[in-house]
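Comments concern the structure below.
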Amino acid sequence: MATIEAYHLKDGSKRYRVRYRKPDRKPTSKRGFKTQREPTQFRAAVEVSMLDGSYIPPTAGKITVATLAAHWLPSLIDSSESWRTRQESLWRVHVQPHWEHWKVSDITAVAIQQWVNTLATPQGNDRKPLAPKTIRHIVGILAAILDIAVADNRLVTNPARENIRMPRVVQREKNTLTAAQVRALADTVNDFYRPIVWFLASSGCRWGEMAALRPIDLKGNGRVRLSRAFSKVNNSSALTDLKGHEARTIVIPPEVEKMLLQVAAGKKQNDLLWEAPRRGGHLRAPKSGHWLSEAVKRCQSEDETFPEHFSVHEFRHTAASLMISSGAHIKTIQRQLGHKDAAMTLNQYGHLMEDDLGVVATNMQNVLFGTPGAA
């Protein structure tokens with residue numbers, strides 16, 4: 001049972017101390033209360049927390065964020081090298097300068113919200129506010145560090161997991177090509193890049209996955225095995241496993257498979273399917289002014305409906321759109337794209353399925369009434 005006792009400082013002022021036993025039965029105390037009400041509330045809180053198992057010693061929360069971060073950084077061992085490098089960079093640039101000396105017990109949801117508001121505010125005349133998605137990643141790092149404090153019984157709850165209001169992420173419209181536009185683009189690029197355009201637009205493969213392909217990955221019957229990818233790490237690239245850390249098999253049309261087999265002809269099984277024409281090594285994603293943007297300009301000049309700007313990643317959106325139009329099941333599209341679950345696929349591409357409502361109505365008419373348009 002906790003007890004309250006009074007004591008006096010050298011200047012004669014009165015203070016209160018609460019003596020109690022921790023769950024391990026070792027005696028401890030908390031002192032410095034100025035009014036009798038404060039130690040009474042503290043004693044009640046301690047006794048309740050011991051009964052429900054949520055008791056945390058007052059000294060446990062004195063550990064700093066920087067100290068816990070030293071445990072968080074090594075925990076990223078299951079992340080890709082590119083993601084780990086980005087996380088470390090965000091910690092060093094945005095989280096560490098603000099929070100490293102804070103004791104975890106002093107961090108509140110209000111303090112975190114104020115920090116988020118600052119991140120979302122332009123810093124000086126020449127600096128733009130951080131992107132909403134970047135801010136979410138930054139706050140996620142602090143939350144992951146404080147998760148360690150909760151797991152280590154240094155905090156009861158994680159204030160970064162509370163209702164922190166974040167800047168709204170505005171989803172940019174995804175550009176997609178029609179089948180005719182894919183053909184036009186493929187006809188516009190030179191012979192080296194033509195199979196790449198067809199492969200990306202029909203498979204939904206990521207650029208880094210495509211760049212890492214080898215002849216041995218072509219399995220026949222329209223199957224391609226994806227097991228590795230080139231990922232950007234700072235200003236260089238690293239060969240890693242796939243995003244999500246799971247290899248997958250995708251399908252491609254027979255005509256596209258023929259193109260890839262022609263590219264693979266004469267190469268050793270573990271050679272790269274494509275190498276950079278000038279410098280050798282794996283292919284880097286095209287930047288502005290390179291082959292893709294120039295081909296897009298030519299297509300757009302001949303077809304005003306052709307997207308004015310089209311990035312290499314939008315081949316992936318194009319493939320998803322074409323698969324949906326072809327009637328592919330959402331689970332099939334999920335596996336083809338390498339998404340973690342079908343919900344992720346629906347979140348990204350569900351809006352493309354709205355055009356299928358008319359097809360559903362027609363099919364239901366046939367099922368229920370036998371003939372289209374029957375009363």
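Model, not experiment: these values are computed from the prediction.
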task: Apply side chain to side chain contact (heavy atoms under 4.5 Å, CB included) to V224 and K219, showing your working.
output: CA-CA 6 Å; V224 178; K219 300 303 183 182; over 6 Å; no

message: Using 0.5 Å steps for rounding, measure from the OG1 atom of T176 to the CZ atom of R316.
response: 14.5 Å

field: F315/F310 aromatic ring centres below 6.0 Å
entry: yes

- request: Taking atom types as modelled, find out whether Q181 and T305 have a side-chain donor-acceptor pair closer than 3.5 angstrom.
  value: yes

Same apolar cluster (I L V M F W Y, side chains within < 4.5 Å links), V139/W83: no

message: Against the six-membered ring of Y7, is R17 placed for a cation-pi contact (under 6.0 Å from the centre, within 45° of the normal)?
response: yes

Test: K62 and D106 ion pair at under 4.0 Å: no

message: Treating T67 as the side-chain partner and I63 as the backbone partner, does any N or O pair qualify as donor plus acceptor under 3.5 Å?
response: no

query: Is R284 reaching over with its side chain to a backbone N or O of K287, donor-acceptor style, under 3.5 angstrom?
result: no

query: Are any of the side-chain heavy atoms of M210 and I196 separated by less than 4.5 Å?
result: yes

- prompt: Under 30°, 30 to 60°, or over 60°: which ring-plane class applies to W274 and F199, parallel, tilted or perpendicular?
  reply: tilted

- prompt: Nearest 0.5 Å, what's the OG1-OH distance between T40 and Y16?
  reply: 9.0 Å

task: Check A2 against Y20 and note the closest heavy-atom contact, atom names and distance.
output: CB-CB, 3.7 Å

- request: For the residue pair H317 and H313, categorise the inter-ring angle as parallel (less than 30°), tilted (30 to 60°) or perpendicular (more than 60°).
  value: perpendicular

- request: State plainly whether one hydrophobic cluster holds both W102 and V110, where clusters connect Ile, Leu, Val, Met, Phe, Trp and Tyr through side-chain heavy atoms under 4.5 angstrom apart.
  value: no

- prompt: According to a 4.5 Å side-chain heavy-atom criterion applied to Ile, Leu, Val, Met, Phe, Trp and Tyr, with indirect links allowed, do I216 and V256 form part of one hydrophobic cluster?
  reply: no

message: Testing the basics here: between R84 and L76, what is the closest heavy-atom pair and its distance to 0.1 Å?
response: NH1-O, 3.5 Å

- prompt: Is the shortest distance from a Lys or Arg side-chain nitrogen in E246 or K340 to a carboxylate oxygen in the other one below 4.0 Å?
  reply: no

- prompt: Are K331 and Q334 close enough that a side-chain donor and a side-chain acceptor fall under 3.5 Å?
  reply: yes

- prompt: Less than 4.0 Å between a side-chain N and a carboxylate O, is that true for E314 and K174?
  reply: no

- prompt: Hey, does L213 have a side-chain heavy atom less than 4.5 Å from the side chain of L272?
  reply: no

query: Less than 4.5 Å apart, any side-chain heavy atom of R165 and any of V116?
result: no

query: Is there a chain of hydrophobic side chains (I, L, V, M, F, W, Y, each step under 4.5 Å between heavy atoms) that links L200 to L273?
result: yes

- request: Taking atom CD of E304 as the centre, report whether more than 12 heavy atoms of other residues, nucleotides or ligands fall under 6.0 Å from it.
  value: no

message: For a quick check under 3.5 Å, do R225 and T249 share a side-chain donor-acceptor pair by atom type?
response: yes

message: Would the distance check show the side chain of D152 and the main-chain N or O of R154 forming a donor-acceptor pair, the cut-off being under 3.5 Å?
response: no

field: W72 side, atom CH2; L146 side, atom CG - distance, nearest 0.5 Å
entry: 11.5 Å

task: Mind running side chain to side chain contact (heavy atoms under 4.5 Å, CB included) on V251 and N221 for me, showing each step along the way?
output: CA-CA 8 Å; V251 294; N221 295 319; over 6 Å; no

query: Transitively linked via ILVMFWY side-chain contacts under 4.5 Å: L73 with I148?
result: yes

- prompt: Looking only at heavy atoms, which two atoms of P286 and L292 are closest? And how far apart?
  reply: CG-CB, 4.0 Å

message: Under a 3.5 Å distance rule, please check whether R194 uses its side chain to pair with a backbone N or O of V189 as donor and acceptor.
response: yes

- line: CD (Q300) and OG (S293) are apart, to the nearest 0.5 Å, by 13.0 Å

- prompt: Should we count CD of Q36 as having more than 12 external heavy atoms under 6.0 Å?
  reply: no

- prompt: Do W91 and I145 have side-chain heavy atoms sitting under 4.5 Å apart?
  reply: yes

For I252 against S203, the heavy-atom pair lying closest together: CG2-CB, 3.9 Å

task: For residues A109 and P159, report the shortest heavy-atom separation together with the two atoms involved.
output: N-CB, 3.8 Å

- prompt: When you look at R15 and L9, which way does the side chain to side chain contact (heavy atoms under 4.5 Å, CB included) test go after all the steps?
  reply: CA-CA 7 Å; R15 295 290 186 272; L9 303 178; 3.9 Å; yes

field: Over 12 foreign heavy atoms within 6.0 Å of CG, N270
entry: yes

message: Between F42 and K30, is there a side-chain heavy-atom distance shorter than 4.5 Å?
response: yes

Side-chain touch L337/M323, heavy atoms, less than 4.5 angstrom: yes

- prompt: Do H101 and T64 have side-chain atoms, one donor and one acceptor, less than 3.5 Å apart?
  reply: no

field: Shortest non-hydrogen contact from Y193 toward P277
entry: OH-CG, 4.0 Å

task: Look up atom CG in L142 and atom CD1 in I112, then write down how far apart they are to the nearest 0.5 Å.
output: 5.0 Å

query: Quick one: do D217 and R214 make a salt bridge, cutoff under 4.0 Å?
result: yes

query: Donor-acceptor pair, S29 side chain versus R19 backbone, under 3.5 Å?
result: no

field: Between T318 and S321, a side-chain donor and acceptor under 3.5 Å
entry: no

task: Verify, without hydrogens or angle tests, whether T121 (side chain) and N117 (backbone) share a donor-acceptor contact under 3.5 angstrom.
output: yes

query: Do E294 and R298 have side chains that get closer than 4.5 Å, going by heavy atoms?
result: yes

query: Any sub-3.5 Å donor-acceptor pair from D271's side-chain atoms to K268's backbone N or O?
result: yes

is_close_aromatic(W99, H94), centroid dist under 6.0 Å: no

message: For a side chain to side chain contact (heavy atoms under 4.5 Å, CB included) check, start with the C-alpha distance between L226 and C205, then their side-chain angles and the critical distance, and finish with the verdict.
response: CA-CA 9 Å; L226 303 179; C205 190; 3.9 Å; yes

field: E257 side-chain N/O to G222 backbone N/O, donor-acceptor pair under 3.5 Å
entry: yes

message: Once ring pair (Phe, Tyr, Trp, His ring centres under 6.0 Å) is applied, what residue pairs with a partner in residues 155-181 remain, sequence neighbours excluded?
response: none

- request: With rounding to the nearest 0.5 Å, note down the distance linking CZ in R92 to CG in L90.
  value: 9.0 Å

task: Check for a donor-acceptor pair, side chain of D147 on one end and backbone N or O of N158 on the other, with a separation under 3.5 Å.
output: no

query: Any side-chain heavy atom of I107 within less than 4.5 Å of one from V65?
result: yes

